[in-house]
Amino acid sequence: MNESGISSALKEAGLEVLTCMQCGTCTGSCPSGRYTSLNTRRIVRSARTGKNILQDENLWMCTTCYTCQERCPRDIKIADTILTIRTLAVHEGFMLPAHRKVSQLVLESGHAVPINDDVKEKRKKLQMEAIPETVHKYPDALKDVQTLLQSCEFDKLTADK
Amino acid sequence: MHIGIYICHCGSNIAGYLDVKSVCTFARDLPDVVVSKNIIYACGDQGQDEIKQDIEDHKLDRIVIAACSPLLHEITFSRAAQAAGLNPYMVEIVNIREQCSWVHKDSYDYATQKAKDLIAMGVARVRNLTPLTVESVPVNKDVLVIGGGITGIQCALNLADSGVKVHLVEKDSSIGGWMARLNEVFPTNDCSMCVLAPKMTEVADHPYITLHTYSTINKIKGHIGDFQVSVVHKPRYVDESKCKGCIELCESVCPIQVPDEVDRGLSLHKAIYLPMSQAVPHIAVIDPVHCVGCKLCEKACEPEAINFDQKEDIVEFNVGAVIVATGYKIFDAARKPEYGYGSIKNVITSIELEQMLNASGPTYGQVVRPYDGHPAKRIAFIQCVGSRDELVGNPYCSRICCMAAIKNAGLIKDRNPQANVSIHYIDIRAGGEDYEEYYIRNQKKGVEFIRGRVASVKQVDGEAVITYEDTLVADIVDETVDLVVLSVGLEPNSEVNDIISDLKLTRRPDKFIRPAHPKMRPVDTHTRGVFVAGCASGPKEIQVSIAQGMAASARAMGLLHSGEIQKDIMSIKVIEDLCRGCGLCEEVCSYGRITVKDGKAVVDDLTCGGCGLCAAACPQGALQPRHSTDDQILAQIKAATSDIKEMPLIIGFLCQWCSYAAADLAGSQGISYPTNIRIIKVRCTGRVNPSFVMEALKRGADGVLVAGCRPDDCHYLNGRIKAGQRIDILKELMSNKGIEPQRVRIISIAASEGTKFASEITQFVDDLIEIGPIGSELE
């Protein structure tokens with residue numbers, strides 16, 4: 001990924017970062033940044049200068065709560081920008097192991113958090129069916145989901161490296 | 001018709017790069033030409049004398065001067081012609097220096113040919129000219145000033161001191177405006193009232209000022225020189241002629257306490273009150289919303305000034321000019337819910353702080369926590385609340401808040417050096433005289449400057465907690481403070497909408513009133529005879545507002561002092577026989593200067609700026625700019641295409657402000673470009689009727705260039721934008737007819753972009769060579 005890759009991807013997605021004035025409203029508003037090393041202001045700065053940040057682990061610390069985006073006085077789509085850069089990172093093979101695992105779970109079961117015996121028990125106690133009305137219950141639908149994911153190469157993107 | 005033509009050599013500036021002799025011979029054979037001469041320096045006294053002599057000797061009734069740009073010497077030659085008894089508008093300047101000899105230094109023959117064509121076009125135009133007289137009309141010399149803040153006060157005083165009669169209208173019961181509510185003012189730390197009050201008193205006492213307080217504009221009709229104004233005097237329920245302003249007696253018996261509307265009830269006043277102790281006029285007023293009508297004041301007032309039967313009163317008068325000094329309103333901080341204004345008690349606005357700091361204010365100068373009234377020791381200023389914020393629709397900087405916060409932070413430190421005061425900023429803007437020094441002085445007092453816009457203010461156990469990133473060290477901080485001061489921005493005053501529409505003023509996207517030109521005409525508006533000053537045209541400091549007040553009053557005086565004003569020579573003439581009253585012109589005029597009455601268009605030609613947008617829209621040709629008629633322009637097109645000697649040939653319509661000036665600049669910088677263009681100067685690209693373009697192509701031009709200002713710089717609001725729309729439609733039509741639409745091009749060039757002009761022409765010529773001669777696409 002060359003430097004302009006991020007810029008052109010953001011441009012294509014209609015995301016303007018050039019007008020950022022580095023005021024820090026996003027960082028001050030970021031619930032994740034209080035506990036992690038995520039600094040949204042620096043990510044926008046890097047996106048603006050074209051610095052290659054695809055390997056930056058902080059990209060994955062955003063919970064996409066969108067508070068930054070809601071408060072930005074220059075109306076910069078900060079969370080959307082982070083998501084767009086993440087997409088690029090994944091295409092370049094950068095992804096945290098935990099996210100890979102979750103993605104693989106989606107591929108296997110159609111759920112990021114598949115049902116387990118504990119949950120089944122709880123559901124029964126609440127007088128619900130043990131298995132919910134999702135792909136868990138309909139194996140054919142799961143196959144459809146898998147076909148969809150494979151057709152957009154989700155399986156290859158998220159495979160172990 | 002007797003036409004005289006003079007081909008100026010400009011030393012070797014023209015004669016060095018084209019064959020002036022052969023141009024002169026060529027010109028002699030043009031229709032109605034009786035004199036054609038070479039002249040070394042036409043602009044010199046000798047040259048002018050020769051022209052004047054010829055006008056007399058040969059009974060010349062129109063002259064063509066082929067020389068430098070008309071932007072330089074048109075006035076010189078018009079005056080010379082007038083001195084010789086010729087109508088000054090019977091002169092045509094042909095630009096063969098900036099737009100010919102200087103830009104085609106390597107193409108002697110082609111430059112010579114171009115000069116001949118340009119002169120033929122000049123002769124064609126001059127043959128279609130008619131003598132014009134600039135009409136003058138008498139004007140009323142009085143001036144209306146709307147708004148009694150510091151700007152309006154300054155306007156009124158300047159005008160009145162110069163002997164102009166002024167009507168000053170103020171909506172509040174006292175003049176003084178926002179400045180009267182401030183404590184001290186930067187960068188001098190003058191007590192605001194101490195410097196303002198003398199001016200207020202001067203207004204009240206001035207024999208030339210009629211003061212209308214507690215009054216609003218009901219209606220303004222008319223135009224420059226004769227505005228008919230009607231003003232509503234709201235009832236004070238206090239007889240102005242009887243009230244002595246003593247206030248003690250009436251106020252002390254009044255049982256009603258009213259919270260002050262500006263400081264959120266930090267201070268209270270009675271239902272009968274003086275808005276401030278230095279109020280001008282010094283007359284009490286009864287707040288009709290809160291008064292319960294107990295009439296105790298009536299019994300208490302010794303001069304018997306209370307009058308509950310007072311009614312609204314309408315006053316009418318006429319003026320020649322209007323100055324709009326209507327100021328601003330404060331941003332409502334509750335629109336930023338993350339800062340907790342209104343729900344967290346220890347969050348206040350900068351205006352409330354001004355009241356607190358005032359020694360005679362509600363806290364007698366103490367800075368306290370509204371939550372419990374204890375002194376505030378840790379104070380945080382949050383900057384840019386409602387400014388530089390697209391989420392609330394205010395992308396602009398309010399300009400005064402940085403300095404005001406620095407001032408107030410410094411004042412707090414002066415009174416209590418132990419106080420911990422921080423200013424949370426995005427950028428500190430201290431760009432005025434002595435401002436940076438003021439900033440440094442307050443830094444030395446220990447005011448903390450933290451770079452980072454505060455993200456939120458939360459209430460924790462009754463305390464205000466601010467959360468921000470200190471962006472210079474990338475630390476995220478939660479901090480409990482005693483007092484949060486929101487530095488609220490300035491917004492356009494919404495109460496003036498009717499005034500703006502009555503006066504046909506225009507607004508910028510930020511909704512402040514738009515001056516005629518943001519740089520060169522800062523206090524003029526798009527309506528002749530109406531000026532704008534102070535914060536009505538955007539946030540400004542007091543000193544700038546005062547300067548603008550002085551400027552606007554000088555402009556108004558300059559306009560009216562002779563007692564008469566002249567119409568614009570380009571103003572639109574309606575040819576009534578042709579007009580069918582379709583109303584298209586009315587719709588198209590950006591200024592609302594045209595109305596259809598009894599089936600005919602009527603132009604307010606005293607205020608018409610002559611852009612020609614309507615003329616280009618009229619399907620009947622019934623509207624004609626007096627000095628740029630369809631016939632004159634069509635004659636130029638015809639002359640340029642009657643004997644085509646260059647391929648490709650481009651006819652260029654250049655707006656006189658930006659593009660024409662850019663073409664001149666290319667000349668003075670000696671940037672060469674192909675000789676293929678023949679330029680016709682128009683007031684605005686909005687003047688270019690699509691039929692001109694079609695006529696040029698029909699007669700054999702290979703391309704047409706329409707060049708104007710950048711849309712934002714257009715001297716006629718949206719002339720360039722509308723021209724663009726017209727050209728787009730025309731291109732579509734051309735395409736439908738099988739004519740290559742790329743033959744028509746509309747561009748924007750700023751006056752400073754000579755290089756761009758040259759490269760645009762070069763590119764266009766290349767493109768036209770590629771496309772081929774006109775008509776080739778139809779074969």
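Labels below follow one simple rule: chain letters A, B, ... track the order of the sequence lines, proteins then strands, and each chain is numbered from 1.
For NZ of Lys143(A), the number of neighbouring non-hydrogen atoms (other residues, nucleotides, ligands) closer than 6.0 Å is 12 at most. For Glu12(A), the CD atom sits in a loose shell: 12 or fewer heavy atoms of surrounding residues, nucleotides or ligands are nearer than 6.0 Å.
Glu541(B) is not listed as a side-chain neighbour of Met403(B), based on a closest heavy-atom distance of 4.5 Å or more. Side-chain contact between Tyr341(B) and Thr349(B) is present, with at least one heavy-atom pair separated by less than 4.5 Å. Residues Tyr138(A) and Glu133(A) meet the side-chain proximity criterion, which asks for heavy atoms closer than 4.5 Å. Two residues are said to be in side-chain contact when any heavy atoms from C-beta on lie closer than 4.5 Å; Gln22(A) and Thr471(B) fail this criterion.
Counting heavy-atom pairs under 4.5 Å between each of Val454(B), Ile426(B), Asp427(B), Val392(B) and chain A puts Ile426(B) at the top. Options Gly33(A), Gly24(A), Cys26(A) differ in how many heavy-atom pairs under 4.5 Å they form with chain B, and the most are formed by Gly24(A).
Asn420(B) and Glu448(B) form no side-chain donor-acceptor contact under 3.5 Å, judged by distance and modelled atom types alone. Looking only at atom types and distance, the side chain of Ser398(B) has a donor-acceptor partner in the side chain of Ser387(B) under 3.5 Å away. When only modelled atom types and interatomic distance are considered, Arg378(B) and Ser422(B) share a side-chain donor-acceptor pair under 3.5 Å.
Residues from residues 104-125 of chain A never place a non-hydrogen atom less than 4.5 Å from a non-hydrogen atom of chain B. Of residues 69-87 of chain A, those residues lying under 4.5 Å from chain B by any heavy-atom pair are Glu70(A), Arg71(A), Cys72(A), Pro73(A), Arg74(A), Asp75(A).
Using a 4.5 Å cut-off between heavy atoms, Ile476(B) contacts chain A through its side chain alone, with no backbone atom that close. Residue Asp470(B): no heavy atom, backbone or side chain, is found under 4.5 Å from chain A.
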Inset, instruction - Go through Ser537(B) and Arg508(B) one step at a time and tell me if the side chain to side chain donor-acceptor pair (under 3.5 Å) criterion holds. - result: CA-CA 9 Å; Ser537(B) 59; Arg508(B) 284 193 303 259; 5.6 Å; no
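Panel note: side chain Asp475(B), backbone Val477(B); no donor-acceptor pair is recorded below 3.5 Å.
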